[in-house]
Every structure is written in C-alpha cells, then in structure tokens.
Amino acid sequence: INFAAWGQFNVTTTANAALAPDGTTTAFSLAEGTATDRHMINRSQSIGGFSYPSTFSIYAKPGTRRYLTIYFNSDTGKWYAVTDLQTGAISVSGNDTGGTGSVSASTAAGANGYTKIIMNVDVGGGGNLGWEISMSNVATFTKDLGTSPIYTGTSQLIYLWRPKLT
C-alpha cells in the first residue's frame with residue numbers, strides 16, 4: 001500500500017522507512033507537522049457492493065508518538081478506536097454519532113514491536129465509506145471537526161504497515 005496516494009493532512013509519509021513485521025524494510029513512517037490542527041491520512045470510496053460487516057486492520061508501531069486513532073465514517077454513522085501503541089491496548093472505541101451500526105476493536109501483538117489493530121464495523125448498508133488514520137496526543141477520543149483530534153504537532157512519528165479492508 002502506498003500511503004502517499006492517500007489524502008494527507010499535516011503529516012508526511014515516507015515509504016520503506018522502517019523494518020516491518022515480516023522482517024522487510026517496507027513500513028511507512030507517518031510524521032506529524034507542527035501546526036495546531038489534525039495530523040492524519042485518509043481515504044474514501046463508494047462501497048455500494050461491499051459486504052457487511054467489514055473489517056479494517058493495520059499494523060502500527062510507536063516511533064515517538066504514542067497514540068493512534070482510526071476513524072470510520074459512512075452514510076449510516078461514524079465509529080472510532082484509539083490505540084495506545086506503547087501498551088498495545090485499545091484505549092477507547094465507540095460510535096461517534098449514535099447512528100446505526102456497531103464497532104468492535106481489538107489488538108494483537110505483531111513482530112518487531114508492532115501492534116495489529118483490528119476494527120470490525122457493521123455500517124448497515126452501502127454507500128460511501130471513509131477512514132482516517134490519525135496521530136493523537138491523548139488516549140481519549142476527542143471530537144474536533146467531527147473527526148481527528150486537534151493538537152500542536154511536534155514532529156513526532158508512528159510507523160504503519162499493511163492496511164487492509166475486507
């Protein structure tokens with residue numbers, strides 16, 4: 001996956017920046033900018049024929065930033081999970097809008113210091129699906145601008161590998 005093809009907001013991605021869970025140097029770094037704003041990458045697509053529920057997974061490893069938020073939105077609701085990459089645990093997850101559908105989030109230990117983050121989302125129908133991978137300075141979910149947390153970046157980074165939606 002080429003994260004450079006994703007929408008980027010106050011971050012820089014670098015390919016082949018670190019050792020991945022499979023032992024190859026294919027992990028991306030996600031480095032936050034210094035603006036007081038959101039620090040994230042995002043992607044969206046029309047999923048009229050996609051099956052439900054859906055599972056999104058990604059491997060993540062702390063560089064110098066500890067928390068990572070994954071945020072899904074669809075025509076029927078919005079869901080999130082915040083992961084503490086130092087402990088490998090989900091800090092908080094839930095439904096942001098009270099819409100239909102549900103989310104469950106879990107983690108599994110990966111090789112080379114990575115955590116595999118798994119989100120199962122039942123969006124309840126077709127339409128448009130978007131997801132964001134956001135750096136965060138807190139272990140809680142903060143609803144700023146309806147999505148990612150806003151904070152002043154300090155050039156911290158996280159490593160990402162193999163996002164997958166099934």
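Below, all heavy atoms of this structure are taken into account, side chains as well, without hydrogens, waters or symmetry copies.
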(request) Heavy atoms only: give me the nearest Asn112-Gly23 pair and the separation to one decimal. (result) ND2-N, 3.9 Å

(request) Look at the aromatic rings of His39 and Tyr151 and report parallel, tilted or perpendicular, splitting at 30° and 60°. (result) tilted

(message) Whether the Thr25 and Asn16 side chains hold a donor-acceptor pair (N or O, under 3.5 Å, no angle test) is what I'd like checked.
(response) no

(request) Measure from the side-chain N and O atoms of Asp84 to the backbone N and O of Ser91, and report whether any donor-acceptor pair falls under 3.5 Å. (result) no

(request) Please determine, by modelled atom types, if Thr26 and Trp161 share a side-chain donor-acceptor pair under 3.5 angstrom. (result) yes

(message) Could you measure the distance from the CD1 atom of Ile118 to the OH atom of Tyr59? Nearest 0.5 Å is fine.
(response) 8.0 Å

(request) To the nearest 0.5 angstrom, please state how far the CG atom of Leu68 sits from the CG atom of Leu30. (result) 8.0 Å

(request) Determine whether the side chains of Ser134 and Thr69 contain a donor N or O and an acceptor N or O closer than 3.5 Å. (result) no

(message) Is there a path of hydrophobic side-chain contacts, each under 4.5 Å between heavy atoms, that joins Ile117 and Phe28?
(response) yes

(request) Kindly compute the distance separating CD (Gln156) from OG1 (Thr64), expressed to the nearest 0.5 Å. (result) 3.5 Å

(message) Do Thr87 and Arg66 make a side-chain contact, defined as non-hydrogen atoms from C-beta onward lying under 4.5 Å apart?
(response) yes

(request) Taking the side chain as every heavy atom from C-beta outward, state whether Arg38 and Glu132 have any pair of such atoms under 4.5 Å apart. (result) yes

(message) Is there a side-chain contact between Thr115 and Lys61 in this structure, where contact means two heavy atoms from C-beta onward sitting under 4.5 Å apart?
(response) no

(message) Minimum heavy-atom separation for Asn137 and Tyr67, please, with both atom names.
(response) C-CD1, 3.9 Å

(message) Check the orientation of Trp131 and Phe72. Use parallel for under 30°, tilted for 30 to 60°, and perpendicular for over 60°.
(response) tilted

(message) Side-chain heavy atoms nearer than 4.5 Å, only ILVMFWY residues, links allowed to pass through others: does that put Trp6 and Met119 together?
(response) yes

(request) Check whether any side-chain heavy atom of Leu160 lies under 4.5 Å from a side-chain heavy atom of Ile41, and answer yes or no. (result) yes

(request) Could you check if a side-chain atom of Leu85 sits within less than 4.5 angstrom of a side-chain atom of Tyr114, using non-hydrogen atoms only? (result) no

(message) Once rounded to the nearest 0.5 Å, what's the spacing between atom CG of Asn120 and atom OG of Ser104?
(response) 4.0 Å

(request) For side chain to side chain contact (heavy atoms under 4.5 Å, CB included), just list the numbers for Phe9 and Asp37, CA-CA rounded to whole Å, side-chain angles, deciding distance to a tenth of an Å, and then say yes or no. (result) CA-CA 9 Å; Phe9 199 80; Asp37 213 327; 3.4 Å; yes

(request) Apply side chain to side chain contact (heavy atoms under 4.5 Å, CB included) to Thr34 and Thr152, showing your working. (result) CA-CA 6 Å; Thr34 57; Thr152 301; 5.9 Å; no

(message) Tell me whether Ile90 shares a hydrophobic cluster with Phe56, the cluster being built from Ile, Leu, Val, Met, Phe, Trp, Tyr side chains joined at under 4.5 Å.
(response) yes

(request) Identify the two heavy atoms, one from Tyr159 and one from Ala17, that lie closest to each other, and give their separation to 0.1 Å. (result) CE2-O, 4.4 Å

(request) Say whether Leu157 and Leu19 are linked into one hydrophobic cluster, either directly or through other cluster members, by side-chain heavy-atom distances under 4.5 angstrom. (result) no

(request) Please check if Ile133 and Ile158 belong to a single hydrophobic cluster, counting links between Ile, Leu, Val, Met, Phe, Trp and Tyr side chain heavy atoms closer than 4.5 Å. (result) yes

(message) Please check this pair: side chain of Ser136 against backbone of Val138, looking for a donor-acceptor N/O pair closer than 3.5 Å.
(response) yes

(request) Look only at the side chain of Glu32 and the backbone of Thr154, and say whether a donor-acceptor pair between them is shorter than 3.5 Å. (result) yes

